[in-house]
Student: 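This is the structure, below, for whatever I ask next.
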Amino acid sequence: MHQNTTSNYIGAGISCIEETSRRVRRQASHPGNSELVADHRPIPFNNSGYTERNRCDNHARDREGGRDNGTPFDSSIQVWMRQVMTIISLLLICITDVTAKAYDRDSSDAALEFQDILPSDPRSYDKMTPPREEGQPTIVYFHVTVMSLDSIDESSMTYAADIFFAQSWKDARLRLPDNMTQPYRLLPVQWLKGIWRPDAFFKNAKAVTFQEMTIPNHYLWLYQDKTILYMVKLTLVLSCAMNFEVYPHDTQECTMKIESISHTTDDLVFVWEPTVPLEVDKSIELPQLDLVRNVTGDCTQVYSTGNFTCLEIIFTFRRRLGYYLFHTYIPTCLIVIMSWISFWIRPEAVPARVTLGVTSLLTLATQHANSQKSLPPVSYIKAIDVFMSSCAGNRRVHVIMYLQAIDVFMSSCMVFVFLSLMEYALVNVVLGDVPEESRALDARIKAKQHKNDCAIGKRCMPTHTHCGEHIGPCCCAQHYGCIGTSVTSAAVSIALPPPPPPPAAATTSPHLRKNNREENQNKRTMPCPLTSSPSPKKHHNNWSQVMEQRRHRAILIDRFSRVVFPLSFTILNIVYWCVFVVEWPAFGSNDVES
C-alpha cells in the first residue's frame, strides 16, 4: 500500500511538471496574449475523474485564491516546487526505513553472547564429553589443503609443510541464535575454550607453528544444523623415515598423521571429508625430488589403553638424477677412463704410470666422500658406494644390511682404478730382472776386453799392494787399473803393466835361474777365471733375446688391458643402470606395499 501511494505521488508530480512546461512554452511564444496567463478554458476530465488542474494542485486543497475573484489559479513555478518537495520527502522516508532495519539487524548480531549458543541450562553442557548421538561415537570430518612442501632434509630425515587444517563436527547440545538468518554465523575463536572440540594432534610432528600475521590465521563457523567448522593455518616440521637402499635412485614415502590423544574409537572417530578430503597445490616444486603421488588413508592403531582413531596423508617423492648425474656419475667415469691412459705409456716409464694410478685413486676417494655429505651415517652400503669402491678397491667397513645404489657405483669405480694400478705392478714384475742381468752381462764383456788389453802389454798401475811385484795377467786384470782408460759401467778398465826385468845373471846361480824360469812358466800358464767362462758375445745375444721376449709379454699385457678394462666397465654400467633404475624401484615398491 505504501508503494502504491508513492507511485501515485510520483505519477502526479510528473504530470504536473509536463503541464507546467507546456504553459511556459505557450507564454514564451505569445507574450502579448494575456489569456495564456489566466486560462479559463474548460479543463477536460481524465479517466480517473480528476481534472488536470486538480492533479497539479493536489486535489485543489491548497489553492491560494480562487476562480471567482478573477485571479490566476496558481503560479506554475509554485506548483512545480511543491510537487518536487513532495517526491524528495517520500524518498527520504524510504531510505530512512531501510537504514533503520539494517541497523537493527547489526545491533542484534553484535549483542550475541556466548550464553546465547549454550543450552538453557549451561550446567548441563560438559565440554569434556564428546556430543554423542544415540550412543554412537562422534564423527569428526577432516580436510587438509597443502600449500607448500619444502626443506626435505635427508640428514635429519624431516620435511616441512604449510597447510590449511579444517575439522568439522556436529554438536546438537548447542543452541542457535534467535536472530540467525544466514546459512552460517562467524563466532569468536575464543569460544572454543568453552565448548567441546576434537583433541586431534599431529603424531609425527617435531614442530608446529601457528601463523599470526597479520591477524591470527584461524576462524570458527556455526551452521544452521549446529555443525561447527574450525579452520587454521599451520606450518609443520614432520619426521619421515627414509630408506636409502637405492640412493640416488630412491623413492621416499613421507606421511602426515592425525590422531586423537585422549578419546578411543568408542567415543570419537576421525573421517576424511567425503567430497574433497585433500587438496595439494599443483605449483609445488622441489629442487631434488618430484611429488609423484599423494593419497589419504587410515592409520588407526591399538595401544595398551585402547584403540585410538588416526588419519594419514602419504606423500610419495621420487629423486631426480640430474644433479647426481653431472656431479657424481659422469666425473667418476671420467676419472676411471683417465686411469686407463697408463696402458698406452711404455712399461719403462715407472714414475708416469704410478703417479697416474695413485692420483686417480685419491681423486675417487675424495669424490666418494663428497657424495656422502648430505646423507646420514647409515649401517648399510649404498649402491653408489659399491660402484665407486669397485673403481678404487678401498672403502670403510659397514655392517652390511642393504645395498645402496651410490655405494655400488663408487665402489665399482674404485676397484677399476685399483686394478689398473695393479696391472702395472704385473708389467713391472715381468720386466723386473732384465736390467740386473743385463748389467752383469755388460761387466763380463768389459772384463774380457780388459784381458785383451793386458795381453798386448799396456802399462798398469797397481791398485792393491798384496799382488806383489811379480803378477800375472789375471792379477793385473783384477787389481790394476790401466793408465789413460776410464771406468765405465760397473767394470773397471784394466791394462797389463810391462813384465818386471829378469834378475841379473851375475848374481843368480844356475839353480835359482832354473827355479825362476819354472815359476814364471807356471804364472804364464796359470788359468785366468775370465777366460774360463763361455763367450760373452754369445751370452749377450741370449740375454738380449730374453729381454725382448719379456718386454713383448709386458706390452701384450697392456694391449689386453686396453680391451678388457673398457669392456668390463661398460658391462658394469649396463648392469648397474638396468638393476637400479628399471628393476630395483619396482621391487622396492612391492616390498613397501607388503
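By convention here, the first residue in the shown sequence is residue 1.
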Student: Is a donor on one side and an acceptor on the other found under 3.5 Å between the side chain of D267 and the backbone of T265?
Tutor: no
Student: Regarding D153 and S156, is there a side-chain donor-to-acceptor distance under 3.5 Å anywhere?
Tutor: yes
Student: With a 4.5 Å limit on heavy-atom distance, are the side chains of W272 and V144 in contact?
Tutor: yes
Student: Between L186 and L220, is any pair of side-chain heavy atoms under 4.5 Å apart?
Tutor: no
Student: Do F270 and F142 have ring centroids that are under 6.0 Å from one another?
Tutor: yes
Student: May I ask you to decide if E312's main-chain N or O and T255's side chain share a donor-acceptor pair within less than 3.5 Å?
Tutor: no
Student: Assess the residue pair F165 and Y230 against the criterion (ring-ring contact (aromatic ring centres under 6.0 Å, His included)); give the C-alpha distance rounded to whole Å, side-chain angles, the decisive distance to 0.1 Å, and a yes or no.
Tutor: CA-CA 8 Å; F165 179 60; Y230 178 58; 8.3 Å; no
Student: Indicate the ring-plane relationship of Y223 and W221, choosing parallel, tilted or perpendicular according to the 30° and 60° boundaries.
Tutor: perpendicular
Student: Would you say the side chain of P274 lies within less than 4.5 Å of the side chain of Y141, judging by non-hydrogen atoms?
Tutor: yes
Student: May I have the step-by-step check of ring-ring contact (aromatic ring centres under 6.0 Å, His included) for H218 and F210, ending in yes or no?
Tutor: CA-CA 9 Å; H218 59 167; F210 175 73; 4.9 Å; yes
Student: Could you check whether any side-chain N or O of E273 sits under 3.5 Å from a backbone N or O of T275, counting only pairs where one atom can act as donor and the other as acceptor?
Tutor: yes
Student: Test Y329 against every option in W577, Y324, Y323 by the ring-ring contact (aromatic ring centres under 6.0 Å, His included) rule and name the one that passes.
Tutor: W577
Student: Could you tell me whether the side chain of L572 reaches within less than 4.5 Å of the side chain of F416, counting heavy atoms only?
Tutor: yes
Student: Under 30°, 30 to 60°, or over 60°: which ring-plane class applies to H249 and Y576, parallel, tilted or perpendicular?
Tutor: perpendicular
